[in-house]
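For reference, the structure is listed below as structure tokens.
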Amino acid sequence: MKTHQNHPFHLVDASPWPLTGSIGAMTMTSGAVMWFHQNNMYMFMLGVIIILMTMIQWWRDVTREGTFQGHHTLPVSNNLKWGMILFIISEVFFFISFFWSFFHSSLSPTIEINMMWPPTGIKTFNPMQIPLLNTMILLCSGMTVTWAHHAMMENSFNQTLQALFVTVILGGYFTMLQAYEYMESSFTISDSVYGSSFFMATGFHGIHVMIGTTFLMVCLLRHIANHFSSKHHFGFEAAAWYWHFVDVVWLFLYISIYWWGS
């Protein structure tokens, strides 16, 4: 094995995880189609299990490279930062497409929905109830993740632990409230363009909250294992950026879909 290199960049070893991740994604999406059309969840759950196993082992390898083998040098960390920035920008445009669809349909409602917005027969959510509570939860979680970041830069182990734990709890609480809201909904994704726009936008945001909560939970476990220092903690920084992005998207969702759109 090569023990010396004349550059600061990390050339990763051959890894099976992109392949197993792709297989898991294909299995899960195919299983979702079976679930929707045949009410059979077995293939969907198999895909979820494959993805979870891939995530655990891929993240383990990246943690080993960065924390124990020292491969995440300054140029590598800068490249990781740019990769995360470009990923978040791509996610911004992903949500722009949903907002574009919503405003296209709401600002000029067609004859098929009686030229009204919300369409006839749609009973919208009260924006002053669960949606407002969820807004406050995400704003508070943005504060706690910032608290965790500053505590980490000041080498305060206990404060970082407390702030990260509270952030994870708030993320889980948001998801529980959104699930309750969906169960209480008087309309579904198939109820006109309003139902489609509402559940696509808020549903994908909910998935992003679950991903962000998982991201922060992994950072919490890594913090407990002393993987971060005040100078070397990009794994957590990336999670914080992602969480702030999730917060901002929710503010736009709340103002446009829950408040203005209702």
Would you say the side-chain atoms of D61 pair up with the backbone N or O of W58, donor to acceptor, closer than 3.5 Å?
no
Hey, would you say the F125 and F198 ring centroids sit under 6.0 Å apart?
yes
So W100 and S97, do their side chains get closer than 4.5 Å, heavy atoms only?
no
Does a donor on one side chain and an acceptor on the other come within less than 3.5 Å for S105 and W117?
no
side-chain contact (heavy atoms from CB on, under 4.5 Å) between W243 and V209, intermediate numbers included
CA-CA 8 Å; W243 197 251; V209 170; 4.0 Å; yes
Donor-acceptor contact present, side-chain S141 to main-chain G171, <3.5 Å:
no
Kindly say whether the aromatic ring centers of H208 and F95 come within a distance under 6.0 Å.
yes
Carefully, step by step, assess Y194 and T124 under the rule side chain to side chain donor-acceptor pair (under 3.5 Å).
CA-CA 10 Å; Y194 183 91; T124 60; 5.0 Å; no
Work out which heavy atom in M26 is nearest to a heavy atom in T29; give both atom names and the distance.
O-OG1, 3.1 Å
Stepwise, does the side-chain contact (heavy atoms from CB on, under 4.5 Å) test hold for T146 with H244?
CA-CA 9 Å; T146 304; H244 288 309; 3.3 Å; yes
Given the rule in the side-chain contact (heavy atoms from CB on, under 4.5 Å) test, do F99 and L253 qualify, once you have shown the distances and angles that lead to the verdict?
CA-CA 8 Å; F99 285 111; L253 280 172; 3.8 Å; yes
Verify the cluster assignment for F252 and M128: are they in a single hydrophobic cluster under the rule of side-chain heavy atoms below 4.5 Å apart?
yes
Mind listing the closest non-hydrogen atom pair of I224 and F157 along with its distance?
CA-CZ, 4.1 Å
Below 30° counts as parallel, above 60° as perpendicular, anything between as tilted: where do the rings of W250 and Y258 land?
tilted
Would you check if M43 and W35 make a side-chain contact, meaning some heavy-atom pair closer than 4.5 Å?
no
Is it true that the side chains of T110 and E112 contain a donor and an acceptor less than 3.5 Å apart?
yes
Side chains of H71 and R64: does their closest heavy-atom pair fall under 4.5 Å?
no
Is there a side-chain contact between W82 and I85 in this structure, where contact means two heavy atoms from C-beta onward sitting under 4.5 Å apart?
yes
Find out whether V76 and E65 are in side-chain contact, i.e. whether some heavy atom of one side chain is under 4.5 Å from a heavy atom of the other.
no
Over 12 non-hydrogen atoms of neighbours within 6.0 angstrom of CZ in F245
yes
For the residue pair F228 and T67, establish whether any side-chain heavy-atom pair is separated by less than 4.5 Å.
no
Out of curiosity, does I89 fall in the hydrophobic cluster containing F94 (side-chain heavy atoms, cut-off under 4.5 Å, transitive links)?
yes
Determine whether I56 and L216 fall in the same hydrophobic cluster, where Ile, Leu, Val, Met, Phe, Trp and Tyr are linked whenever their side-chain heavy atoms lie under 4.5 Å apart.
no
Give, for atom CD1 of I137 and atom CE of M176, the distance between the pair rounded to the nearest 0.5 Å.
9.5 Å
Taking C-beta and beyond as the side chain, do L139 and L251 meet within less than 4.5 Å on heavy atoms?
yes
Check whether the ring centres of F234 and W241 lie less than 6.0 Å apart, and answer yes or no.
yes
Going by heavy atoms in the side chains, are F236 and R222 under 4.5 Å from each other?
no
Would you say I189 and V193 are hydrophobically clustered, going by side-chain heavy atoms of ILVMFWY under 4.5 Å?
yes
Closest non-hydrogen atoms of T188 and D191, given as atom of the first, atom of the second and distance, are N-OD2, 2.8 Å
Residues, nucleotides or ligands: over 12 heavy atoms within 6.0 Å of W260 CH2:
yes
Where is the tightest heavy-atom contact between H232 and H72, given as atom of each residue plus distance?
CE1-O, 3.3 Å
Here the pair of heavy atoms bringing P127 nearest to Y254 is O-OH, 2.8 Å
I'd like to know whether CE of M34 has more than 12 heavy-atom contacts from other residues, nucleotides or ligands below 6.0 angstrom.
yes
Test your reading of the model: is there a side-chain donor-acceptor pair from T144 to the backbone of V166, 3.5 Å cut-off?
no
I255 and I257: same hydrophobic cluster, using ILVMFWY side-chain contacts below 4.5 Å?
yes
Measuring centre to centre across the rings, with the benzene-like ring taken for any Trp, is F165 within less than 6.0 Å of H223?
no
